[in-house]
Amino acid sequence: MLPDLPNAEEGEVRMRVAPNPNGPWHIGHARMAAVVGTYKELYDGTFICRFDDTDPETKRPDLDAYDQILDAIEYLGFEPDEVLRASDRVETYYDHARDLIDAGGAYTCSCPAEEFSELKNDGEPCPHRDKSPETVHEEFTGMVDGEYDSGEMVLRVKTDISHKNPALRDFVGFRMIDTPHPRPEASDYRCWPMLDFQSGIDDHLTGVTHIIRGIDLQDSAKKQRFVYDYFDWEYPEVIHWGHVQVDAYDVPMSTSTIAELIEDGELDGWDDPRAPTLASLRRRGIRGEALVEAMTGLGMSTSNVDLAMSTVYANNLQLIDDETDRAFFVRNGDDAVELSVSGGPTTASVPVHPDHEDRGTRELPATGGVFVESADLPAVGDRVWLKGYGCVRHTEDGLVYTDDSLDVTREEGVDIVHWVPADEAVPLRMRTPDGDVSGYAEPGVADYDPDDLLQFERVGFVRIDATGEEYVAYYTHS
RNA sequence: GCUCGGUUGGUGUAGUCCGGCCAAUCAUUUUGCCCUUUCGAGGCGAAGACCAGGGUUCAAAUCCCUGACCGAGCACCA
């Protein structure tokens, strides 16, 4: 399904996911883990999870997100062989910065950002470029010791000030950040590496052989090659891919936007069924495997791609259909119609799973009246087939058993519908990506536990979420 | 503006390096029929694509040129 990796050898492939832990993962984040995890299996390789948490301010890490992301990877069916936090490795980055200074590959610069930008765009070096290594060391030590405030001093990597791509000219390697890092272990650092520096160093030090990253980082490799050249390191294979969009959601796939909607109370949390997050898919009972299959099917193109949730749902259906028990659920709690049934058997018998007789049957009493969905109720005088019970006619006095044979459903167009015994119905709230639906489930649903999957016949699959005081199910898909 | 990258059915993808076996693969989607006490699953069909225009060639999705369109980067974000 996935293309071969260039220059990859069995057992030698090392890849990493490098999330910024500034929130739980949305569906788009799953792509990297899905692909890295799948390549790990393909090549018997190594899966590294490295938290690139080097910006305590603009992309401030969320202390809960580290574990939430690891949970998300586990949900997808993978386990990282190594877990690293960049904020644990700051001294290592300092060491390499000093080596780079020794090699003449970096200089401290106190130009205001805008001023440097103008010089850079004109291909002009700034006055700090030719400082002696001693001065640079001294000033860099000052940065490490926190002697400068944010914006006062940076360490630039010396590249080519007239490089034809302005983006690559003497980029910033380290800068000052006044805000302490949220992790206590890292809260004393004020001098932080930029992604391009930190990531480049770490990829080499952790033996990463193949890098996958977004097309937005396509200049990163070019920047990092300058550093690699100074150190005489060999750059890993790198693949860039486009952005993923997911259809079927009103909420945009953006960590910060979802966080805001939760903050404002528009979403109940990261696992709200309306949120395009992994926590949400998980709570809806969708297998991580179904998502991994869909993600790896997207390939590695540099074009932007749309992931159709229908593909995920179709994959999931294959995974769960056979093992999932059936049950009845009548939607529209207030709108459902309660009717008496007369003249027929006292109970109905319906298979737990149509393809597996050995799993037994569900016995549903019909004597205490039934709920049917208003849309399923035929006009007075017409018939409908209550699944597992038999044919009934809608009369002024409720539903009256007709003793017709099943042939009427085929030959006379009588619909077969689901229904629920009224006096033993279990009120249940079904949460869906389009909002909540209340209704009544058949009594046997009370015997299932949270996390169990059911198919509500003619409605769709659900995952039982809560039982007891209130029954809640999360809608999986049709 | 400068620097990169891309464009195969509604969606995703295979094929493009090394032109012919591609009247284009697989999945999803939509849809017809069969089966079925679910609008599910299953079975058998159907629909639907090589961005455009030139060129090279016996032969082009594939090579070349031009153009259009889409996207990314040009941060003391990741």
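Predicted, not measured: the structure shown is a model, and the values here were computed from it. To find a chain, count down the sequence lines: A is the first, B the second, and so on, and within it residues start at 1.
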When you measure from the side chain of [X], which nucleotide among [options] comes out closest?
{"X": "A:Thr302", "options": "B:G40, B:G5, B:A78", "answer": "B:G5"}
{"X": "A:Asn304", "options": "B:C77, B:G71, B:U38", "answer": "B:G71"}
{"X": "A:Val154", "options": "B:C76, B:U13, B:U28", "answer": "B:C76"}
{"X": "A:Gln455", "options": "B:G40, B:U7, B:A78", "answer": "B:G40"}
{"X": "A:Trp385", "options": "B:G73, B:U37, B:G12", "answer": "B:U37"}
{"X": "A:Leu317", "options": "B:U37, B:U7, B:A41", "answer": "B:A41"}
{"X": "A:Met194", "options": "B:G12, B:C77, B:C74", "answer": "B:C77"}
{"X": "A:His243", "options": "B:A72, B:G40, B:C77", "answer": "B:A72"}
{"X": "A:Ala314", "options": "B:U28, B:U13, B:C74", "answer": "B:U28"}
{"X": "A:Arg458", "options": "B:C4, B:C76, B:C39", "answer": "B:C39"}

Using a cut-off of less than 4.0 Å, is there contact between a side-chain N or O of [X] and OP1 or OP2 of [N]?
{"X": "A:Arg175", "N": "B:A78", "answer": "yes"}
{"X": "A:Lys120", "N": "B:A75", "answer": "yes"}
{"X": "A:Gln318", "N": "B:U28", "answer": "no"}
{"X": "A:Thr54", "N": "B:A78", "answer": "yes"}
{"X": "A:Arg169", "N": "B:U3", "answer": "no"}
{"X": "A:Arg326", "N": "B:A41", "answer": "no"}
{"X": "A:Ser199", "N": "B:A78", "answer": "no"}
{"X": "A:Lys164", "N": "B:C4", "answer": "yes"}

In this structure, how many angstroms lie between the [atom2] atom of [N] and the [atom1] atom of [X], rounded?
{"X": "A:His477", "N": "B:A41", "atom1": "NE2", "atom2": "C1'", "result": "12 Å"}
{"X": "A:Lys223", "N": "B:C4", "atom1": "NZ", "atom2": "P", "result": "16 Å"}
{"X": "A:Glu57", "N": "B:A75", "atom1": "CD", "atom2": "P", "result": "19 Å"}

Under a 3.5 Å limit for both distances, which nucleotide forms a Watson-Crick or G-U wobble pair with [N], could you say?
{"N": "B:C76", "answer": "none"}
{"N": "B:A68", "answer": "B:U7"}
{"N": "B:U38", "answer": "none"}
{"N": "B:C21", "answer": "none"}
{"N": "B:U16", "answer": "none"}
{"N": "B:C63", "answer": "B:G55"}
{"N": "B:U31", "answer": "B:G45"}

May I ask you to decide if the ring planes of [X] and [Y] are parallel, tilted or perpendicular, using 30° and 60° as cut-offs?
{"X": "A:His418", "Y": "A:Phe328", "value": "tilted"}
{"X": "A:Phe329", "Y": "A:Phe456", "value": "parallel"}
{"X": "A:Trp419", "Y": "A:Tyr389", "value": "perpendicular"}
{"X": "A:His26", "Y": "A:His29", "value": "parallel"}

* Where each residue is assigned the nucleotide of RNA chain B containing its nearest heavy atom, which of A:Ser349 and A:Gly151 is assigned the position nearer the 5′ end? ->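 Its nearest nucleotide lies further toward 5', so the answer is A:Ser349.
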* Asked: Which comes earlier along RNA chain B counting from the 5' end, the contact point of A:Asp216 or that of A:Pro19, where each point is its nearest nucleotide?
  ->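 Residue closer to the 5' terminus by nearest nucleotide: A:Asp216.
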* Asked: Base, sugar-phosphate alone, or nothing: which one does A:Pro354 contact when heavy atoms must sit under 4.0 Å apart?
  ->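 Result for A:Pro354 = base.
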* A:Phe197 ring center near A:Tyr93 ring center (under 6.0 Å) ->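 No, too far apart.
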* May I ask you to check whether A:Phe461 and A:Tyr475 place their ring centres under 6.0 Å from each other? =>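 Centroid separation for A:Tyr475 and A:Phe461: 6.0 Å or greater.
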Could you work out the separation of [N] and [M] based on their [atom1] atoms and round it to a whole Å?
{"N": "B:A75", "M": "B:C70", "atom1": "P", "value": "24 Å"}
{"N": "B:G6", "M": "B:G42", "atom1": "P", "value": "38 Å"}
{"N": "B:A49", "M": "B:U11", "atom1": "P", "value": "12 Å"}

* Regarding A:Lys131 and the six-membered ring of A:Tyr107, is the cationic atom NZ or CZ under 6.0 Å from the ring centre and inside 45° of its axis? ->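 That pair does not qualify as a cation-pi contact.
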